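There's a structure below that I have some questions on.
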Amino acid sequence: MSNEEKDTKITINEKEEEEYQRSCVRKISRIVVLLLIGLLATCYYIFVVELCIFTVQLLEAKVTFLVIFHLLFLLCVWCYLRTVMMPPVVPPEKFRPSESDKQLYLSDERPQVLQEILIRMAKDLHIKKAVRYCTTCHVIKPDRCHHCPVCNVCILKLDHHCGFLNNCVGFSNYKFFLLAVMYGVLLCIFTSAVSLYCSILFWTHQLPNSSSKVPIIVLFSLTTFFAIMLFRLFLDHFELALRNITDREDSDNTEEFNPYNLGFSKNLREVFGNEKKYWFLPIFSSLGDGFSFPMGEATMDIEKNAANVPKPVSENQN
């Protein structure tokens, strides 16, 4: 067997190994999603049946607890499902080079020549930062676009791949992700507070011991734990949204200046949109197209021209 055939065989084996690993990760993620749905269903049963129906005695308290719980529960589940089911957005067709350009790029190995080829191919794509090419997806990566090794596809404004969602969090579903975490925090805090109240009544013998006592205490422990974890997660990502930077960019960032930072107000509107009536609903309202972004030096107001490419800055400003 020649050296070339050996190299080809090694490359094929490596690709098969990578595909097997991706398949395993996706299967595990599906199991995690099902476990989370099962956990939500269990907590729902304990709160509605064991706590509200069997334990709480005042009708007014029952109705109040059930209305608030169902409002938060439905919003949380709605946002979570939208985050899970929203397919990640890939670069549009105009970022895919022609077959001749692709072959020209793959036929050379000199970094300087490759960069010149990329610059020529991307001259009409309005890419403001370094021009990058994905040899797996065979596309020129727009600004803030990254390749997800699990989904094996380039994602616009990729934030991270989440195993609890079995999906990538990016331009198309980042708003839903933030809302799901926020409503999850509120739901856990409310459920924890009510279950703690009932647990104290059990401990002080103001309520007779029943079969609901143990499930309610378990509910308090679970919701308190998840409230702490989700609150920390929400703070981290809300802080990133305030700075208009993704988790991927924050991890890889070596620059002191974030060119996409437009100020707190405009940064939030990049994610949630200009219409405040849609901010807290799992309805897509993010600004832009996912592959062109206004910079901090942009002269056009983001409210009037969210999707347009801002005017280029001078060399001195760069």
Side-chain angles (χ1 to χ4, degrees), residues 79 82-83 85-98 101 118-119 121-134 136-148 151 153-161 167-179 237 240-250 252-253 258-279 281-313 318:
C79 294
R82 290 229 57 184
T83 310
M85 300 174 67
M86 177 64 71
V89 180
V90 300
E93 193 64 29
K94 69 178 182 178
F95 286 91
R96 192 175 300 276
S98 63
D101 286 337
L118 285 180
I119 292 174
M121 289 191 295
K123 64 180 181 179
D124 297 324
L125 297 179
H126 305 289
I127 296 176
K128 302 180 185 67
K129 304 192 81 174
V131 182
R132 301 163 298 147
Y133 183 78
C134 179
T136 303
C137 300
H138 299 294
V139 296
I140 298 173
K141 296 181 182 179
D143 292 329
R144 315 187 80 176
C145 175
H146 296 278
H147 186 86
C148 175
C151 297
V153 68
C154 287
I155 309 296
L156 294 182
K157 198 182 178 184
L158 174 66
D159 188 86
H160 68 285
H161 182 91
N167 197 8
C168 277
V169 177
F171 174 74
S172 62
N173 60 356
Y174 188 64
K175 175 191 174 183
F176 307 145
F177 170 75
L178 279 179
L179 289 179
H237 278 277
L240 292 176
L242 283 176
R243 293 192 290 131
N244 199 356
I245 190 170
T246 64
D247 185 59
R248 175 68 177 266
E249 291 167 346
D250 190 53
D252 299 343
N253 188 28
N258 173 22
Y260 305 110
N261 191 349
L262 307 171
F264 290 163
S265 176
K266 291 183 179 181
N267 289 342
L268 285 179
R269 279 180 281 170
E270 279 279 288
V271 177
F272 294 100
N274 289 325
E275 297 289 339
K276 293 185 179 180
K277 61 184 177 182
Y278 298 128
W279 276 24
L281 295 176
I283 299 172
F284 183 80
S285 58
S286 300
L287 300 181
D289 47 27
F291 53 83
S292 61
F293 302 91
M295 297 288 200
E297 298 87 355
T299 56
M300 291 186 177
D301 195 319
I302 190 175
E303 296 178 0
K304 299 178 181 178
N305 199 354
N308 289 351
V309 179
K311 295 179 181 179
V313 295
N318 285 332

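Position 1 is the first residue of the sequence, and the numbers go up from there. Note that the structure is predicted; figures quoted are calculated from it, not measured.
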Looking at side-chain heavy atoms only, is the closest gap between Cys137 and Val90 below 4.5 Å? no

Min side-chain heavy-atom separation Phe95-Pro142 under 4.5 Å: yes

Side chains of Pro88 and Cys148 in contact at under 4.5 Å (non-hydrogen atoms): no

Taking the side chain as every heavy atom from C-beta outward, state whether Tyr133 and Lys141 have any atom pair closer than 4.5 Å. no

Has Asn261 got a side-chain atom pairing as donor or acceptor with Ile245's backbone, closer than 3.5 angstrom? no

If every non-hydrogen atom of His237 is compared with every non-hydrogen atom of Leu178, which pair is closest and at what distance? CB-CD2, 3.6 Å

Identify the two heavy atoms, one from Leu179 and one from Cys79, that lie closest to each other, and give their separation to 0.1 Å. CB-SG, 3.6 Å

Test item: Asn267 side-chain N/O and Leu242 main-chain N/O as donor-acceptor pair under 3.5 Å: yes

So, taking the atom named SG in Cys168 and the one named CE in Met86, what distance separates them when rounded to the nearest 0.5 Å? 14.0 Å

So, for Phe171 and Gly288, which heavy atoms are closest and what is the spacing to 0.1 Å? CZ-O, 3.5 Å

So Thr83 and Asn167, side-chain contact (heavy atoms from CB on, under 4.5 Å) or not? Walk me through it. CA-CA 8 Å; Thr83 310; Asn167 197 8; 5.8 Å; no

Taking C-beta and beyond as the side chain, do Arg132 and His146 meet within less than 4.5 Å on heavy atoms? yes

Using every non-hydrogen atom in the two residues, find where Ser172 and Val89 come nearest and quote the distance to one decimal. CB-CG2, 3.2 Å

Approximate separation, where rounding is to 0.5 Å, of Thr136 OG1 and His147 NE2: 4.5 Å

Residues in salt bridge (charged side-chain N to carboxylate O under 4.0 Å, His left out) with Arg243, at least two apart? Glu239, Asp250

Rounded to the nearest 0.5 Å, how far apart are CD1 of Ile155 and CG of Asn173? 9.0 Å

Salt bridge (charged side-chain N to carboxylate O under 4.0 Å, His left out) involving Arg82 - partner list, sequence neighbours excluded: none

Check: Asp159 side chain, Val169 main-chain N or O, donor-acceptor pair, under 3.5 Å: no

Whether the Thr246 and Lys157 side chains hold a donor-acceptor pair (N or O, under 3.5 Å, no angle test) is what I'd like checked. no

Is the backbone N or O of Glu249 less than 3.5 Å from a side-chain atom of Arg144, with the two atoms forming a donor-acceptor pair by type? no

Just how far is it from atom CG of Leu268 to atom NZ of Lys276, taken to the nearest 0.5 Å? 10.0 Å

Side-chain contact, heavy-atom cut-off 4.5 Å: Pro259 with Lys129? yes

ring-ring contact (aromatic ring centres under 6.0 Å, His included) partners for Tyr174, two or more places apart: none

Measuring from Glu275:CD to Ile283:CD1, what's the distance to the nearest 0.5 Å? 11.0 Å

Is the shortest side-chain heavy-atom distance between Asp143 and Ser292 below 4.5 Å? no

Measure the spacing between CG of Leu118 and NZ of Lys123 and express it to the nearest 0.5 Å. 14.0 Å

Check this for me: Tyr278, atom OH, are more than 12 non-hydrogen atoms of other residues, nucleotides or ligands nearer than 6.0 Å? no

Any donor-acceptor pair under 3.5 Å linking the side chain of Lys175 with the backbone of Leu281? yes

